[in-house]
Amino acid sequence: LSDKYDWSGKTIVVAEDENSNFELLKAILSRTNVRVFRAHNGKEAVELCLKKEVDLVLMDIRMPEMNGYEATEIIKSQFPTLPVISLTAYAMGDDREKSLQVGCDDHISKPIKPVELIERVSRFMK
């Protein structure tokens, strides 16, 4: 898996309030040499996108302070072409539709499968 994907020089913002989920995502992504910045909530995700050169956002939907829907709408209003992939717990059935409505480019259900995550992200890494 790691030989196939080299995203050196690329940056991903991971908006995730749960430490264990963030650590898992970081571990999966680290095999691609991508730079990962963590946002603990939607507000931090928006701030990181405004401050850094970001190539993709992995956006948890259920977060404190500002949820992923609100954050995605703000990010997309500023950076319409920046890819945002929403992450949600499998149980939440309407999250996929709602996240696509607010502008997410793709959606991944938790629990995260490493191969699926890398393949989905790779579609946006040019």
Side-chain angles (χ1 to χ4, degrees):
L1 191 79
S2 53
D3 307 343
K4 196 173 161 189
Y5 302 101
D6 183 6
W7 300 330
S8 302
K10 299 279 188 187
T11 300
I12 293 180
V13 167
V14 176
E16 174 60 72
D17 59 322
E18 292 285 330
N19 281 329
S20 57
N21 291 341
F22 172 75
E23 290 302 329
L24 173 66
L25 290 163
K26 191 171 114 183
I28 296 166
L29 293 168
S30 69
R31 297 184 286 189
T32 67
N33 301 314
V34 73
R35 244 189 339 258
V36 174
F37 289 104
R38 179 180 186 182
H40 293 84
N41 56 54
K43 190 168 173 282
E44 283 183 20
V46 170
E47 288 166 4
L48 279 169
C49 289
L50 291 170
K51 279 190 244 168
K52 308 254 182 225
E53 186 88 11
V54 176
D55 296 289
L56 185 130
V57 179
L58 288 174
M59 182 71 75
D60 185 29
I61 293 302
R62 310 221 180 272
M63 290 182 294
E65 212 162 325
M66 180 189 287
N67 70 38
Y69 297 130
E70 295 170 88
T72 297
E73 287 182 314
I74 295 168
I75 290 167
K76 285 294 195 172
S77 73
Q78 298 288 315
F79 308 100
T81 60
L82 176 60
V84 178
I85 299 176
S86 62
L87 306 172
T88 57
Y90 181 68
M92 306 300 164
D94 61 338
D95 281 346
R96 181 178 200 286
E97 285 70 39
K98 191 166 179 198
S99 62
L100 296 173
Q101 281 171 1
V102 299
C104 291
D105 298 275
D106 201 352
H107 172 84
I108 300 174
S109 297
K110 297 175 184 176
I112 303 293
K113 298 171 201 71
V115 173
E116 181 188 15
L117 177 72
I118 295 294
E119 285 174 354
R120 294 284 190 88
V121 169
S122 72
R123 294 178 195 166
F124 300 100
M125 289 294 191
K126 300 288 177 265

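Residue numbers count from 1 along this sequence.
At least one side-chain heavy atom of Leu58 sits under 4.5 Å from a side-chain heavy atom of Leu117. By the 4.5 Å heavy-atom criterion applied to side chains, Leu87 and Leu25 are counted as neighbours. Residues Leu82 and Ile75 are in side-chain contact: their nearest non-hydrogen atoms beyond the backbone lie under 4.5 Å apart. Side-chain contact between Arg38 and Asn19 is present, with heavy atoms from C-beta onward closer than 4.5 Å. Ile85 places none of its side-chain heavy atoms less than 4.5 Å from the side chain of Val57. Counting heavy atoms from C-beta on, the side chains of Ser99 and Ile61 come closer than 4.5 Å.
For the pair Asp95 and Arg62, the salt-bridge criterion is met [side-chain N within less than 4.0 Å of a carboxylate O]. With respect to Glu47 and Lys51, no salt bridge is recorded, no charged nitrogen being found less than 4.0 Å from a carboxylate O. One finds no salt bridge joining Arg123 and Glu119 here, because no Lys/Arg side-chain nitrogen approaches an Asp/Glu carboxylate oxygen to under 4.0 Å. Salt bridge status for Lys110 with Asp60: present, with a side-chain N to carboxylate O gap under 4.0 Å.
With rounding to the nearest 0.5 Å, the separation of CD1 in Ile108 from OG1 in Thr88 is 9.5 Å. Rounded to the nearest 0.5 Å, atoms CZ (Phe22) and CG (Leu29) are 9.0 Å apart. Rounded to the nearest 0.5 angstrom, Lys26 NZ and Ile28 CD1 are separated by 13.0 Å. From Thr11, atom OG1 reaches atom CZ of Phe37 across 5.5 Å, with rounding to the nearest 0.5 Å. Distance CG/Leu100 to OG/Ser86: 6.5 Å, rounded to 0.5 Å. The line from CE of Met66 to CD of Glu44 is 11.0 Å long, rounded to the nearest 0.5 Å.
Side-chain atoms of Asn33 and Asp6 form a donor-acceptor pair, as typed in the model, at a separation below 3.5 Å.
A pairwise comparison of heavy atoms in Gly9 and Arg35 identifies O-NH2, 4.0 Å as the closest pair. The two atoms that bring Met59 and Thr72 nearest to each other are CG-OG1, 3.7 Å, heavy atoms only. Closest approach of Ser122 and Tyr5 over heavy atoms only: CB-CE2, 3.4 Å. Leu48 and Val54 make their closest contact through O-CG2, 4.0 Å (heavy atoms, listed as atom of the first residue, atom of the second, distance). A pairwise comparison of heavy atoms in Val13 and Ala39 identifies CG1-CB, 4.3 Å as the closest pair. The two residues Asp17 and Pro64 have their closest heavy-atom pair at OD2-CD, 3.4 Å.
A continuous path of hydrophobic side-chain contacts links Met125 to Ile112 [ILVMFWY only; heavy atoms under 4.5 Å]. Under the 4.5 Å side-chain heavy-atom criterion for ILVMFWY residues, no single connected hydrophobic cluster contains both Leu56 and Phe79. In the hydrophobic cluster analysis, where Ile, Leu, Val, Met, Phe, Trp and Tyr join through side-chain heavy atoms closer than 4.5 angstrom, Ile74 is grouped together with Met63.
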Item to complete: List the steps and the verdict of side-chain contact (heavy atoms from CB on, under 4.5 Å) for Asp55 and Trp7.
Response: CA-CA 10 Å; Asp55 296 289; Trp7 300 330; over 6 Å; no
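The 12-atom threshold is not exceeded at NZ of Lys98, counting heavy atoms of other residues, nucleotides or ligands nearer than 6.0 Å. Residue Gln78 places its CD atom among more than 12 non-hydrogen atoms of other residues, nucleotides or ligands, all under 6.0 Å distant.
Using modelled atom types, no side-chain atom of Lys76 and backbone atom of Thr81 make a donor-acceptor pair closer than 3.5 Å. Side chain of Glu18 to main chain of Ser20: no donor-acceptor pair is present (N/O by atom type, distance under 3.5 Å, no hydrogens or angles).
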